[in-house]
Every structure is written in C-alpha cells, then in structure tokens.
Amino acid sequence: MKFTFTGKNLVVSQDMKDKTEKKIGRLERLFPENIDVFVTFSVVRSDNKVEVSIPLSNKRLLRAEVTAPDMYAAIDGAVDVLDKQMIKYKKRLKDKSRRDSSFKDEFRMFSLPEDDAVEVEDDVKDEIVIERRKHFPLKPMDPEEAVMSMEMLGHSFFVFRHSGSDEINVVYKRNQGTYGLIDPNDPIDED
C-alpha cells in the first residue's frame, strides 16, 4: 500500500501517519498489491475528520469519511467503514461475476486465497434492491435555480440540465451546510 497524507488546518504528525498505516495495513489482505491510499486529516472547530479514498480500479472508489472528537477515534472509525465496504464490494462482485463474465477479471483481482475466507455480516444484503423509480423531465436551469428547487422539495440533491452547457448536472447539500455541484465536463476539482 502506498499512502499519501494531507492535512487541512493541522500538521500531520508522524504518529498519526504511523497509526493510520498500521490500522489500514490490517486491511491489506483485502486489496490488490501496490494500491494507493489517500488520507486527509482535517480539523473544523472541535471536530476531527479523517477522509480515506482508495481507487480500486478506473471505475471504482472506496471512500470513508469519519468525524469524531478525537483524531485517533476518527481513524479507527474510518478503518471500520472501509472494512465493511470492501467486504460488501467483494460479495457483490462475486455475485455479479457469476452472472456476467465481464466482472470475472475484476473479481479475480480482488479475490482472496481459499483459506482466507471473509465472513459477511448478517446485515449485508445479497443484492442491491431499487425500491422506487422516478421519471421526470429535466428542464434547463442554472445551478442556483437548481439549488432553490432542491430546497423547495426538501431533498439533499437535485438532478438538472445545465442551461449553459445542456449537460446533466447534480447539485447537493454538503455536511457543512454549503452546496456542491457535480458537472461531468468541468475539469476543476474542488473539495
């Protein structure tokens, strides 16, 4: 595993790096060799936040974001989230590889040796169930109008057609109370 550490509003100590490498290193058996791990530590007011991103392939990203009063508790929480996500991901990938041959190569990349079985918790569902579907026309609007529509509906995200580019975009409400915009053609990558 190759770690990249970033600190926002704090200096990342060697102790924090070592603890993170040790904790996430325990999950190394679940990942392919030479995988990149991006860890961001931040402090906002009295909250300590750890964000971990692990690109699994060109299509998949494993991500955990945990906020806690103590940075080391946030690290532990992030590792727990990653562990559960990876087990769910592998189970779903295994099921999909049985049904669709295009998933077999990806499954092989993440499979464990036969003697290293991973138990899946009872709360892990075998399949993804889409309970409700909606269809609605996407009217062209600017992002500010989309945010207003989202707020009026009481949702945390809103899909719309951008009036300037005619592309499908998404606005969403962030945890800090601000808003985000997902534009698939915008090269700017802001946090």
Side-chain angles (χ1 to χ4, degrees), residues 1-32 34-57 59-92 118-125 128 142-160 169-184 186-191:
M1 295 180 123
K2 180 183 161 200
F3 289 86
T4 303
F5 296 100
T6 307
K8 293 182 181 178
N9 301 328
L10 83 148
V11 176
V12 180
S13 70
Q14 189 60 45
D15 188 44
M16 286 173 24
K17 290 179 183 178
D18 293 343
K19 167 108 175 174
T20 305
E21 287 179 4
K22 181 180 175 186
K23 289 284 189 173
I24 294 177
R26 292 179 186 167
L27 304 177
E28 192 167 18
R29 65 185 175 81
L30 299 174
F31 297 102
N34 301 325
I35 196 158
D36 292 320
V37 178
F38 300 95
V39 183
T40 303
F41 299 99
S42 60
V43 176
V44 179
R45 297 182 202 104
S46 63
D47 291 332
N48 296 285
K49 182 163 74 170
V50 175
E51 299 173 55
V52 181
S53 298
I54 304 173
L56 298 178
S57 66
K59 297 185 243 178
R60 314 247 188 276
L61 175 75
L62 203 61
R63 187 170 188 286
E65 181 178 320
V66 176
T67 304
D70 176 59
M71 189 63 77
Y72 295 105
I75 293 169
D76 290 341
V79 171
D80 290 343
V81 168
L82 290 170
D83 185 36
K84 288 177 184 174
Q85 284 181 355
M86 193 60 186
I87 290 170
K88 284 181 186 180
Y89 173 69
K90 283 187 171 193
K91 181 159 178 26
R92 289 182 182 146
V118 175
E119 287 193 29
V120 180
E121 297 176 14
D122 293 334
D123 65 341
V124 177
K125 296 181 181 176
I128 298 171
D142 59 31
E144 290 77 16
E145 187 180 354
V147 168
M148 289 185 344
S149 296
M150 174 184 70
E151 290 294 337
M152 288 187 336
L153 291 170
H155 291 178
S156 58
F157 70 94
F158 188 77
V159 180
F160 68 102
N169 285 199
V170 176
V171 290
Y172 60 96
K173 192 164 197 161
R174 296 172 46 104
N175 291 338
Q176 299 87 355
T178 59
Y179 301 99
L181 172 68
I182 299 174
D183 182 347
D186 192 358
I188 298 172
D189 184 52
E190 295 181 31
D191 187 42

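Counting from 1, the numbers follow the sequence of the chain as shown. These numbers come from a predicted model, not from an experiment.
Counting all heavy atoms, side chain and backbone alike, Ala64 lies closest to Ala78 at CB-O, 3.7 Å. Across all non-hydrogen atoms, the minimal contact from Phe41 to Val50 is CD2-CG2, 3.8 Å. Val170 and Val159 get closest at one heavy-atom pair: CG2-CG2, 4.0 Å. The two residues Pro143 and Leu181 have their closest heavy-atom pair at CG-CD2, 4.2 Å. Considering every non-hydrogen atom in both Val66 and Gly77, the closest pair reads CG2-C, 3.6 Å. Residues Tyr172 and Met150 approach most closely at CA-SD, 4.1 Å, considering heavy atoms.
Checking side-chain atoms of Asn9 against main-chain N and O of Val43 turns up a donor-acceptor pair under 3.5 Å. Of the possible donor and acceptor atoms, none in the side chain of Glu65 sits under 3.5 Å from a partner among the backbone N and O of Lys49. A donor-acceptor pair under 3.5 Å is formed between the side chain of Asn48 and the backbone N or O of Pro69.
In this structure, Leu10 and Met71 have side chains that are in contact, with non-hydrogen atoms separated by less than 4.5 Å. Side-chain contact between Met152 and Phe158: absent, with no pair of heavy atoms (C-beta onward) separated by less than 4.5 Å. No side-chain heavy atom of Thr4 sits under 4.5 Å from any side-chain heavy atom of Asp36. Inter-residue side-chain proximity for Ile24 and Met1 is flagged as met; some heavy-atom pair is nearer than 4.5 Å. In this structure the side chain of Glu151 reaches within 4.5 angstrom of the side chain of Lys173, judged on heavy atoms.
In this structure, Phe38 CZ and Arg63 CZ are separated by 13.0 Å, a value rounded to the nearest 0.5 Å.
For Lys19, the side-chain contact (heavy atoms from CB on, under 4.5 Å) partners at least two apart in sequence or on another chain are Lys23, Tyr72, Ile75, Asp76.
The neighbour count for Phe3 CZ, taken as heavy atoms of other residues, nucleotides or ligands under 6.0 Å away, is above 12.
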**OP:** List the steps and the verdict of side-chain contact (heavy atoms from CB on, under 4.5 Å) for Ile35 and Ile54.
**Re:** CA-CA 8 Å; Ile35 196 158; Ile54 304 173; 3.6 Å; yes
